Student: 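Just dropping this structure here.
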Amino acid sequence: MSADAAIVGRPVQVYEPYRSGLPPLVPYVKNLWRRRHFAIELSRASMRAAHTDTVFGQLWLVINPLLNACVYFLLVNIINGGTRGPDFFTHLIAGLFVFNFLQNSLTQGAESVTKGGKLVLNTSFPLLLLPYATMRTSFYRFLPSMGIYAVLFAGLEYFGPRTQKCNAAGACVDLNTLHFSWIQLLAIPVFAFIWLYVAGLTTFMAALTVYFRDTTQFLPYATRIWLYLSPVLYYADQMKPWMTKFEMFNPLYPILGLWGDVIARGQLPHASWWIATVAWGLGSFAVGTLYFLSRERDFAVRL
Amino acid sequence: MSEEDEVIITPSQRTVVDEVAVSVQDVCITYRTTFEKRPTLKQAVMRAGRGKRQVKTVEAVKNVSFDVPRGTVLGIIGHNGAGKSTLMRAIAGIIPPTAGRIEVTGRTSTLLALGVGFNPDLTGLENVLLGGLAAGLSKEEVETRFDEIAAFADIGDFIELPMRTYSSGMAARLAFAVSMHMDPDILLIDEALSTGDAAFKEKATAKLRELVDNSSTMLLISHALATVRSMCNEVIWLDHGQMKMRGEPDAVLDTYIEAMHVKKTAAVMNDF
C-alpha cells in the first residue's frame with residue numbers, strides 16, 4: 001500500500017477558537033450522536049455498579065418509591081384527619097414519582113462532569129454525554145415506578161372504595177372515583193416535555209458544579225423545599241391565594257398540574273398549563289444546553 | 001537505571017513522509033482557572049464579602065507554530081508550566097485554542113499524565129470500554145482489543161475488579177496498554193512512562209520502539225532527556241508558552257541543558 005493510499009480516508013480534525021464562546025453546533029450534535037454509545041454504556045455500567053441489574057436491585061426500584069409514597073400519604077392523611085381517598089393517593093404518587101425522577105436526575109447529573117475527572121482531562125469528546133448518561137439512568141429508574149402506578153391505579157379502580165350517588169327517585173348507583181380514560185395516554189407527550197425541562201436543569205447543574213463543588217450539598221434542601229411548594233402533597237386548587245401568586249414563578253406548578261390532570265384524573269387541563277409546560281420544557285433545555293456548551297471549554301482546566 | 005543499561009531506540013530506519021500529520025498554526029491558548037483545588041459556593045460567598053477574586057488568567061501557549069510530518073517522533077521539552085501539556089491537549093482536541101488553528105490528520109490516541117480509569121467504581125475493562133467509546137471507537141472495535149490489552153497490561157484478575165482496588169502502577173500499566181492498542185495514527189504521550197516497575201518499563205519501551213520502527217507519528221513530552229534524545233528525531237523547546245528552539249535532538253537538548261544551568265550529570269540524563 002502506498003503512502004498516499006494510507007492517507008486517503010484518514011479523518012482530518014481542525015481545532016479553531018470558538019465563535020461567540022460556543023463550539024460549532026452542527027458538528028457537535030453529529031459527534032454527540034456518533035458517540036451516544038458512550039452514554040449508554042456509562043449508564044449501564046453505573047447501574048451495574050449500583051446493582052440495579054440484580055433481582056433485589058430491581059425490586060428495590062419498585063419498593064423504594066412505593067414506601068416513599070406511603071410515608072407521604074400517611075403524613076398528609078394524618079394532617080388532614082384521615083379524609084383522603086384513592087383519588088388523592090393516585091394524585092400523590094403520580095406527582096411524587098415524577099418529582100423523584102427530577103430529584104434523581106439533578107443529584108446524579110450535578111456530579112456527572114466532576115466525576116468524569118480523568119476522562120474529561122484526557123479525551124476529546126462531547127461532554128454533554130456525561131449528564132445525558134445520568135439522565136438515561138434516572139429514566140430507567142423512573143420506568144418501574146410507572147408500572148407500579150398502572151397496577152395501583154387499576155387495583156384501586158377495581159377494588160377501591162365507591163361512593164353512592166342517589167337521584168331524587170331514590171335509585172342509587174355505585175360510583176367509582178377512579179376510572180381509566182384515554183386521556184391518560186397523553187401522559188407520554190407530557191412526560192417528553194418534563195424530560196426536556198429536567199434535562200435542561202440537569203445539564204445546567206452539571207456545569208455549575210464544576211465551579212461550585214458544594215452544590216450537591218445544597219441540592220437535597222433545595223429540592224425538598226421545591227417539593228413542598230409544588231402541588232404534589234396537595235391539589236393545585238387547594239393553594240392559599242398568596243401562594244398562587246407566587247406559583248407563576250414555579251415551573252413545577254403548571255408542569256405537575258398538567259401531569260396530575262392527565263395521568264391521575266384523566267381530564268384535559270386548561271390550555272395555559274399546556275403552553276407553560278411546553279415553554280418551560282423547551283426553554284430550560286435550550287438555556288441549560290447553551291450554558292453547558294459555553295462553559296465546556298473550561299472544564300478540562302478546572303477539574 | 002544508569003545510562004548504560006537503558007534501552008536505546010535508534011531513529012534510523014524511520015521513514016518520514018512528506019505529509020503533515022499535525023499542523024499547529026500560530027496557536028495561543030489562554031484560560032482562566034482558580035487557585036482552589038475544590039472551589040465551593042461557600043468560599044465564593046465568604047470571599048465576596050472581602051472583595052477578593054480567586055481567578056487567574058493563564059497564558060499557557062503563545063503564538064506557537066510548527067508542522068509535524070508523518071513518521072516524526074517529536075519531543076517537547078521545557079520547564080514545569082511551560083505549556084507543554086496544554087499544547088498537547090489542544091492537539092488532542094481537549095482544549096480548543098484561543099487563537100490560531102490546529103489541523104490533525106488521522107486519529108490521535110492520548111497517553112496523558114493521568115491515564116485511564118476515570119470511574120473507580122467500574123472495573124478495568126469497563127473503564128477501557130468507556131474510554132474507547134468516548135474516543136470514538138465502536139464497541140466491537142474496543143472489545144476485539146480486550147485480550148491484547150489485558151495481556152499487555154498483565155495485571156491478572158484485577159482487570160475484572162473495580163479500579164479503586166488498583167495500585168497506581170497497575171492503573172498506569174492499563175493506561176499504557178490501552179493507548180498502545182488503539183491503533184492510533186498519532187500517539188500523544190505525556191510523561192506517562194514514569195510509572196510502573198522496571199520490568200514493565202522495559203516492556204513499554206520495547207513497545208514504543210516497535211511503534212517508532214513502524215514509522216508511527218508520536219509526540220512525546222518528557223523530562224527524561226535521555227529518552228527524548230534516543231527516541232525523537234526532532235525536539236521542540238517551550239519556554240513560558242513560547243517556542244524557544246526547534247531542531248535536531250542533540251542541538252536542542254544541549255542548549256536546553258546549558259540554559260537550565262545544570263551540568264550534564266547522570267541525574268539529568270537518567271531515565272525518569
Side-chain angles (χ1 to χ4, degrees), chain A residues 2-4 6-7 9-18 23-24 31 34-46 48-50 114-127 129-130 133 208-218 296-303, chain B residues 15 17-19 21 27-28 31-34 38-44 58 60 70 86 89-108 110-119 121-123 126-127 129-136 138-139 162 175 185:
Chain A
S2 73
D4 283 341
I7 295 161
R10 279 210 183 105
V12 181
Q13 274 115 21
V14 177
Y15 304 117
E16 281 185 312
Y18 288 170
N31 213 0
R34 217 177 294 134
R35 303 200 186 178
R36 66 191 181 280
H37 293 291
F38 166 76
I40 296 170
E41 280 305 319
L42 176 57
S43 154
R44 274 191 195 149
S46 46
R48 262 201 304 276
T114 50
K115 269 193 171 172
K118 283 178 184 171
L119 201 66
V120 175
L121 294 175
N122 285 340
T123 316
S124 158
F125 68 106
L127 300 184
L129 288 171
L130 291 169
L208 198 68
T209 307
V210 175
Y211 299 96
F212 304 112
R213 302 294 164 87
D214 50 353
T215 46
T216 42
Q217 284 163 25
F218 298 123
E296 188 172 334
R297 181 185 186 267
D298 251 17
F299 296 164
V301 293
R302 292 262 186 174
L303 285 180
Chain B
T15 45
V17 188
D18 272 348
E19 188 214 347
V27 162
C28 299
Y31 58 81
R32 283 150 57 84
T33 188
T34 160
R38 196 179 170 278
T40 57
L41 184 61
K42 206 172 114 193
Q43 283 164 343
V58 181
R70 188 159 299 288
T86 308
R89 283 156 96 194
I91 293 169
I94 299 164
I95 307 173
T98 318
R101 181 184 165 94
I102 300 173
E103 278 179 32
V104 179
T105 311
R107 204 160 47 81
T108 56
T110 47
L111 182 53
L112 304 188
L114 297 139
V116 288
F118 75 104
N119 193 329
D121 294 330
L122 306 182
T123 70
E126 282 172 335
N127 271 297
L129 174 63
L130 288 171
L133 289 175
S138 74
K139 199 176 172 182
D185 299 312

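The sequence lines fix the lettering, A, B, ..., with proteins before strands; numbering per chain opens at 1. All figures in this text were calculated on a predicted structure; none of them were measured in a lab.
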Student: Sub-3.5 Å donor-acceptor pair from the side chain of A:Asp214 to the main-chain atoms of B:Leu41, do we have one?
Tutor: yes
Student: Please rank A:Arg213, A:His37, A:Arg44 by heavy-atom pairs under 4.5 Å with chain B and give me the top one.
Tutor: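 Highest number of heavy-atom pairs under 4.5 Å: A:Arg213.
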Student: Report yes or no: do A:Arg297 and B:Thr98 form a side-chain donor-acceptor pair below 3.5 Å?
Tutor: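 A pair is found: one side chain offers a donor N or O, the other an acceptor, under 3.5 Å apart.
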Student: Top residue by heavy-atom pair count (under 4.5 Å) with chain B, among A:Tyr211, A:Phe125, A:Phe212?
Tutor: A:Phe212
Student: Of the backbone (N, CA, C, O) and the side chain (C-beta and beyond), which part of B:Glu103 lies under 4.5 Å from a heavy atom of chain A, both, or neither?
Tutor: both
Student: Flag the one option from A:Gly116, A:Ala39, A:Ser124 with the top tally of heavy-atom pairs under 4.5 Å to chain B.
Tutor: A:Ser124
Student: Can you measure from CD (A:Gln13) to CD1 (B:Ile102) and round to the nearest 0.5 angstrom?
Tutor: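 It is 11.5 Å, given to the nearest 0.5 Å.
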Student: In Å and rounded to the nearest 0.5 Å, what is the CG to CG distance from B:Leu122 to A:Leu42?
Tutor: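 These two atoms lie 7.0 Å from each other.
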Student: Considering only heavy atoms, which portion of A:Phe299 lies under 4.5 Å from any heavy atom of chain B: side chain, backbone, both, or neither?
Tutor: neither
Student: Need one label for B:Ala90: side chain, backbone, both or neither, based on atoms under 4.5 Å from any heavy atom in chain A.
Tutor: backbone
Student: On a heavy-atom basis, which atom in A:Arg302 and which in B:Arg32 lie closest, and how many Å separate them?
Tutor: NE-O, 3.4 Å
Student: Side chain from CB out, backbone as N, CA, C, O: work out which of these in B:Leu130 comes under 4.5 Å of a heavy atom of chain A, or both, or neither.
Tutor: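 Backbone plus side chain of B:Leu130, per the 4.5 Å heavy-atom cut-off to chain A.
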Student: Just so I understand: if I count every heavy-atom pair under 4.5 Å between each of A:Arg36, A:Arg34, A:Glu296, A:Arg35 and chain B, which residue has the most?
Tutor: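 Between A:Arg36, A:Arg34, A:Glu296, A:Arg35, the count favours A:Arg35.
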Student: Against chain A, label B:Lys139 side chain, backbone, both or neither, depending on which of its atoms sit under 4.5 Å from a heavy atom there.
Tutor: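 Contact with chain A is through the side chain of B:Lys139 alone.
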Student: Which pair of heavy atoms, one from B:Ile94 and one from A:Ala300, lies closest together, and at what distance?
Tutor: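 That closest heavy-atom pairing would be CG2-CB, 3.7 Å.
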Student: Quick one: list whatever passes ring pair (Phe, Tyr, Trp, His ring centres under 6.0 Å) with A:Tyr15, sequence neighbours left out.
Tutor: none
Student: CG of A:Asp298 to CD1 of B:Ile95: how many Å apart, nearest 0.5 Å?
Tutor: 9.5 Å
Student: Heavy-atom pairs under 4.5 Å with chain A: which of B:Gly136, B:Gly93, B:Ala99 has the most?
Tutor: B:Gly93
Student: Among all residues two or more places apart in sequence or in another chain, which pass the side chain to side chain donor-acceptor pair (under 3.5 Å) test with B:Asp121?
Tutor: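 Residues passing side chain to side chain donor-acceptor pair (under 3.5 Å) with B:Asp121: B:Arg164.
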Student: Identify which of B:Ala135, B:Pro39, B:Gly132 forms the greatest number of heavy-atom pairs closer than 4.5 Å to chain A.
Tutor: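 Top count of heavy-atom pairs under 4.5 Å with chain A: B:Pro39.
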Student: Can you give me the closest heavy-atom contact between A:Glu41 and B:Leu129, atom names plus distance?
Tutor: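 The answer is OE1-CD2, 3.7 Å.
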Student: For the interface with chain A, which of B:Glu126, B:Arg107, B:Gln43 has the highest count of heavy-atom pairs at distances below 4.5 Å?
Tutor: B:Glu126
